[in-house]
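Letters A, B, ... are given to chains in the order of the sequence lines, protein chains preceding strands, and every chain is numbered from 1.
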Protein chains: 2
Amino acid sequence: MNVKDLKYFVKLQELKSYSDTAHYFGVSQPTITYAVKRLETEYQTELIVRKSYANSVTLTHAGDQILAHAKKILREDHLMQKDLQRIRDSRIKMGFPPIITNYLVPLVFDQLRDNDLLSRIEPVRSGSKELLDKLYNGDIDIALLGTTRIPENGNFDFNIIKVHNFKIIASSERQFPKELKIRDLQNEDVLILDESSVHQLIVNNIIEKYNVFTNVIYQTSDYRLLLDLVKRNKGISLITETALQVVEGIQELNVVDETFPPFYIMLIYRSSLKAGPHTQKIIDIFSEL
Amino acid sequence: MNVKDLKYFVKLQELKSYSDTAHYFGVSQPTITYAVKRLETEYQTELIVRKSYANSVTLTHAGDQILAHAKKILREDHLMQKDLQRIRDSRIKMGFPPIITNYLVPLVFDQLRDNDLLSRIEPVRSGSKELLDKLYNGDIDIALLGTTRIPENGNFDFNIIKVHNFKIIASSERQFPKELKIRDLQNEDVLILDESSVHQLIVNNIIEKYNVFTNVIYQTSDYRLLLDLVKRNKGISLITETALQVVEGIQELNVVDETFPPFYIMLIYRSSLKAGPHTQKIIDIFSEL
DNA sequence: TTCACCTATAAATATTTTTTATTAATTATA
DNA sequence: TATAATTAATAAAAAATATTTATAGGTGAA
């Protein structure tokens with residue numbers, strides 16, 4: 001069975017036209033007809049309901065089932081191509097989300113340099129969500145990732161490097177009681193990281209749960225800008241302690257009536273990844289932290 | 001790219017011999033050589049390290065990566081064949097684990113009969129673990145399943161039908177205090193269901209945690225026999241309430257210092273399953289419980 | 001009804017895969 | 001250590017498979 005036939009079939013189902021599908025692949029129209037026929041012969045079932053004719057490519061139950069499997073096979077085929085292209089070019093594409101990167105990279109810099117890995121890594125800087133997409137699509141080999149939910153869908157393997165906590169922060173200029181409750185912050189202006197990060201999700205949870213944090217006055221994807229604004233007392237914010245390593249002029253508020261989910265800092269990769277020696281070394285270095 | 005080449009390649013890696021692989025598939029030896037060459041040409045990399053020669057088929061990193069993807073593709077291909085064979089023969093193979101079956105089937109029997117589904121279902125009776133394997137391997141379409149852990153690996157979809165609890169049971173002949181602790185049962189003889197079920201896992205957990213239930217004197221896979229033995233005061237046991245629907249002569253013990261995980265009764269199927277009308281009706285009937 | 005457009009089929013052609021036959025390399029063994 | 005047996009690679013031929021060209025026949029729109 002040829003993967004090409006599955007490609008034809010999936011596209012045919014999408015375009016609902018033999019001619020268009022043929023044109024899409026730059027082949028003649030009967031090629032598509034025969035490809036479907038081959039599949040039908042191989043599986044001894046009709047895959048397409050042949051009724052009126054024009055632009056009415058409807059799948060049978062069997063066709064529908066083939067389609068589902070075909071898409072999975074084509075995805076795997078696509079991943080294989082991507083992986084092999086990078087192996088061929090001896091490139092290692094690695095995802096670096098901003099906060100985590102600034103926290104972790106100083107800790108492993110020397111080791112990466114001494115093992116001659118710095119030059120081998122092609123960094124892809126992006127938010128955790130986009131990186132997870134890129135990883136899923138085979139666009140990168142491996143990524144650092146910050147998340148509150150451990151991925152459990154079988155597509156990924158990961159090594160948890162650190163478990164951090166979320167903190168509510170405010171400018172040091174402000175005075176707050178030693179212990180306070182979420183509701184005490186009801187009227188504060190709030191600054192948050194934008195949708196590409198998990199932070200917003202957590203802020204959204206808190207907003208839903210306590211009906212507070214309602215006046216989000218500014219969103220940014222730049223956490224350093226966010227910290228600077230908090231420092232200048234433009235508002236309070238919620239952020240991982242990961243981001244607070246060497247920051248002056250900011251205080252952590254001691255909120256006693258709410259616990260936030262843990263923030264997992266992990267190295268994540270497709271479970272089908274076969275790490276080469278360099279990739280393996282990178283994994284080892286980060287995992288030893 | 002032809003799936004056949006991947007089959008050759010995976011087998012070659014397994015047998016470490018071109019000739020044996022060729023013999024395995026009933027083709028001539030150069031067929032295998034050329035298949036590997038095709039893959040190497042397609043991916044522009046060496047896949048096999050050609051050193052000394054005889055019986056030393058070692059994969060390169062690229063070969064190793066291809067192997068991982070190839071296995072996934074072949075698995076999907078296999079599932080596709082299995083699924084289509086059953087669609088062709090309009091067979092619906094459904095897994096029925098004993099306890100759950102005896103609890104659920106009476107509740108849906110009339111509906112299944114009235115929708116002419118009883119005759120269409122080919123039942124496969126087995127323990128939950130085996131059924132999950134069979135499901136994974138494409139040997140059945142769908143299964144009833146009792147489990148304490150919700151499957152989260154992306155291979156399966158499921159509908160939770162009921163959530164039951166585990167009970168410690170003893171013969172009605174015995175006298176127990178209204179409330180008791182696990183340790184009070186330290187010296188009791190214990191009867192358990194065997195490894196094909198989740199029950200043993202839970203019993204094992206309790207044994208580990210409390211260092212009790214040590215004298216398991218008998219194991220069986222037949223829960224009715226187990227209940228009968230408990231009734232005849234041969235020992236105590238741990239079992240889902242699912243199994244206790246119409247049982248006389250058995251009491252539930254009120255253990256206050258331990259809570260057991262919930263017992264999920266679900267209908268489970270591969271996420272790639274495209275249900276035909278009959279399968280869909282079955283899913284609907286069970287899901288409405 | 002005619003025209004434009006679509007899919008199916010047949011036959012020819014092109015491409016790909018497999019085989020046969022052979023070579024060169026390596027191990028086993030006598 | 002020579003020789004036989006076994007292994008994988010290659011070349012050329014054959015077989016099998018996929019694609020194209022040409023065409024027919026069916027359908028909906030004008």
Side-chain angles (χ1 to χ4, degrees), chain A residues 1-60 62-63 66-67 70 73-74 77 80-81, chain B residues 1-60 62-63 66-67 70 73-74 77 80-81:
Chain A
M1 195 265 296
N2 207 308
V3 171
K4 215 194 279 173
D5 285 349
L6 295 181
K7 280 188 187 155
Y8 291 162
F9 183 71
V10 170
K11 202 72 192 176
L12 171 61
Q13 192 279 331
E14 199 181 313
L15 299 179
K16 309 269 180 221
S17 156
Y18 286 73
S19 321
D20 292 356
T21 305
H23 182 253
Y24 177 88
F25 287 106
V27 296
S28 68
Q29 168 265 311
T31 299
I32 308 301
T33 304
Y34 284 123
V36 172
K37 264 201 165 165
R38 276 194 295 275
L39 289 173
E40 290 187 324
T41 307
E42 180 159 11
Y43 295 105
Q44 301 163 61
T45 347
E46 294 242 302
L47 301 180
I48 288 178
V49 181
R50 267 150 261 248
K51 38 181 172 181
S52 50
Y53 93 128
N55 289 21
S56 103
V57 173
T58 315
L59 298 190
T60 62
I66 290 233
L67 184 71
I73 290 176
L74 294 184
D77 180 61
M80 180 154 68
Q81 288 185 26
Chain B
M1 197 264 296
N2 206 309
V3 172
K4 216 193 277 171
D5 285 349
L6 295 181
K7 280 188 185 154
Y8 291 162
F9 183 72
V10 170
K11 202 71 192 177
L12 171 62
Q13 193 279 331
E14 198 181 314
L15 300 179
K16 309 268 181 225
S17 155
Y18 286 72
S19 322
D20 291 356
T21 305
H23 183 253
Y24 177 89
F25 287 107
V27 297
S28 69
Q29 169 265 311
T31 300
I32 309 301
T33 303
Y34 284 121
V36 173
K37 265 204 166 166
R38 275 195 295 275
L39 290 173
E40 290 186 323
T41 307
E42 179 158 12
Y43 296 105
Q44 302 163 61
T45 345
E46 294 241 301
L47 301 180
I48 288 177
V49 180
R50 268 149 262 246
K51 39 180 174 182
S52 48
Y53 95 127
N55 288 22
S56 104
V57 173
T58 315
L59 299 191
T60 61
I66 290 234
L67 184 71
I73 290 177
L74 294 184
D77 181 61
M80 180 154 69
Q81 288 184 28

Please report the distance, rounded to the nearest Å, between [atom1] in [X] and [atom2] in [N].
| X | N | atom1 | atom2 | value |
| --- | --- | --- | --- | --- |
| B:His23 | C:dT19 | NE2 | C1' | 16 Å |
| B:Asp20 | D:dT7 | CG | P | 7 Å |
| A:Tyr18 | D:dA24 | OH | C1' | 17 Å |
| A:Glu40 | C:dT9 | CD | P | 10 Å |

Phosphate OP1/OP2 of D:dA9: any B:Thr33 side-chain N/O under 4.0 Å: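 Yes.
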
C:dT7 phosphate, OP1 or OP2, under 4.0 Å from A:Lys37 side-chain N/O: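 It does not, given that no N or O in the side chain of A:Lys37 lies less than 4.0 Å from OP1 or OP2 of C:dT7.
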
Touch class at under 4.0 angstrom, heavy-atom based, for B:Phe25 against every strand present: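 Touches nothing.
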
Touch class at under 4.0 angstrom, heavy-atom based, for B:Thr31 against every strand present: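 Base contact.
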
Proximity to the side chain of B:Ser19 - top-ranked nucleotide from D:dA8, D:dT20, C:dA8: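 Selected nucleotide: D:dA8.
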
Among D:dA8, C:dA8, C:dT17, the one nearest B:Arg38 by side-chain distance: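 Of all the options, the side chain of B:Arg38 is nearest to C:dT17.
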
Comparing A:Gly26 and B:Leu12 on DNA chain D - which has the more 5′ nearest nucleotide: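 Here B:Leu12 is the residue nearer the 5' end.
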
Closest-nucleotide 5' rank along DNA chain C - winner of A:Gln29 and A:Asn2: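 Upstream on the strand: A:Gln29.
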
Side-chain-base donor-acceptor pair under 3.5 Å for B:Tyr34 and D:dA8: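 Answer is no: no donor-acceptor pair is held.
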
B:Leu47 backbone acceptor or donor facing B:Glu40 side chain under 3.5 Å: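 Flag set: sc B:Glu40 to bb B:Leu47 pair under 3.5 Å.
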
Atom OH of A:Tyr24: over 12 foreign heavy atoms under 6.0 Å: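 Atom OH in A:Tyr24 is not crowded, with 12 or fewer foreign heavy atoms closer than 6.0 Å.
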
Spacing of NZ belonging to A:Lys4 relative to CZ belonging to A:Arg38, to within rounding of 0.5 Å: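 Taking NZ in A:Lys4 and CZ in A:Arg38, the distance rounds to 8.0 Å.
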
From CG (B:Leu59) to CD (B:Glu46), nearest 0.5 Å: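 The CD atom of B:Glu46 is 12.0 Å from CG of B:Leu59, to the nearest 0.5 Å.
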
